[in-house]
*Asks:* 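Here's a structure for you.
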Amino acid sequence: MREMILKAVANPPKILWGPFVPVMLNVGIQFPMLFMMVGAVNVNPIVFMAMIIAGHTFCVFLGVKEPHISAMIQAFGKANKTSVNLYKVKGNKFAP
């Protein structure tokens, strides 16, 4: 195998030492909450910055424990679909 393929598999993408998908989820949830709370309630943004840093630190530790967590989250989203049974039985049956 080529070295580039092995490197891509062994080193998943990271943002500031954290896995890509959890970090983007953290930023995608925390920043809109920050802007809404500052605009609506006039909350000090330093509180939210501390929460963003704490969330990112959690993501970094999560990535250290399981470096491929981004791929696992993406695979769960594709595989977590329920099937339609052709006949009435308990549970999901994937074969007719």
Side-chain angles (χ1 to χ4, degrees):
M1 281 193 190
R2 294 180 180 166
E3 183 178 339
M4 294 187 312
I5 295 173
L6 292 175
K7 185 176 180 182
V9 170
N11 298 326
K14 296 183 182 276
I15 298 175
L16 294 174
W17 306 286
F20 185 77
V21 172
V23 169
M24 292 310 291
L25 285 173
N26 180 37
V27 170
I29 293 170
Q30 294 279 345
F31 271 118
M33 292 294 292
L34 163 77
F35 293 131
M36 285 189 293
M37 293 301 284
V38 167
V41 191
N42 201 14
V43 176
N44 190 355
I46 293 177
V47 174
F48 280 96
M49 290 300 174
M51 288 173 43
I52 290 170
I53 291 170
H56 185 77
T57 305
F58 175 75
C59 289
V60 168
F61 285 127
L62 189 67
V64 167
K65 184 177 179 186
E66 180 59 57
H68 296 282
I69 190 75
S70 295
M72 291 168 59
I73 291 171
Q74 291 170 349
F76 178 76
K78 292 178 183 174
N80 191 26
K81 305 230 189 295
T82 57
S83 67
V84 177
N85 296 335
L86 297 176
Y87 48 90
K88 192 168 186 89
V89 292
K90 280 189 172 181
N92 288 329
K93 302 295 181 188
F94 296 106

*Asks:* Nearest heavy-atom pair of K14 and G63: which atoms, and what distance?
*Replies:* NZ-O, 4.4 Å
*Asks:* Please check if V21 and M24 belong to a single hydrophobic cluster, counting links between Ile, Leu, Val, Met, Phe, Trp and Tyr side chain heavy atoms closer than 4.5 Å.
*Replies:* yes
*Asks:* Hey, mind stepping through Q74 and M72 against side chain to side chain contact (heavy atoms under 4.5 Å, CB included) and telling me if it holds?
*Replies:* CA-CA 5 Å; Q74 291 170 349; M72 291 168 59; over 6 Å; no
*Asks:* Find out if a path of hydrophobic residues (ILVMFWY) with successive side-chain heavy-atom gaps under 4.5 Å connects F35 to M49.
*Replies:* yes
*Asks:* Do F61 and I69 share a hydrophobic cluster, counting only Ile, Leu, Val, Met, Phe, Trp and Tyr and linking them when any side-chain heavy atoms are less than 4.5 Å apart?
*Replies:* no
*Asks:* Determine, using the 4.5 Å side-chain heavy-atom cutoff (strictly less than), whether L16 and F20 are members of one ILVMFWY cluster.
*Replies:* yes
*Asks:* For the CG atom of N26 and the CD1 atom of I15, what is their distance to the nearest 0.5 Å?
*Replies:* 10.5 Å
*Asks:* Within the structure provided, determine whether P22 and S70 are in side-chain contact (heavy-atom separation under 4.5 Å).
*Replies:* yes
*Asks:* Which pair of non-hydrogen atoms, one from V27 and one from P32, has the smallest distance, and what is that distance?
*Replies:* O-CD, 3.8 Å
*Asks:* Work out which heavy atom in V38 is nearest to a heavy atom in P45; give both atom names and the distance.
*Replies:* CG2-CB, 4.1 Å
*Asks:* Same hydrophobic cluster for I52 and V43, using side-chain heavy-atom links shorter than 4.5 Å among ILVMFWY?
*Replies:* yes
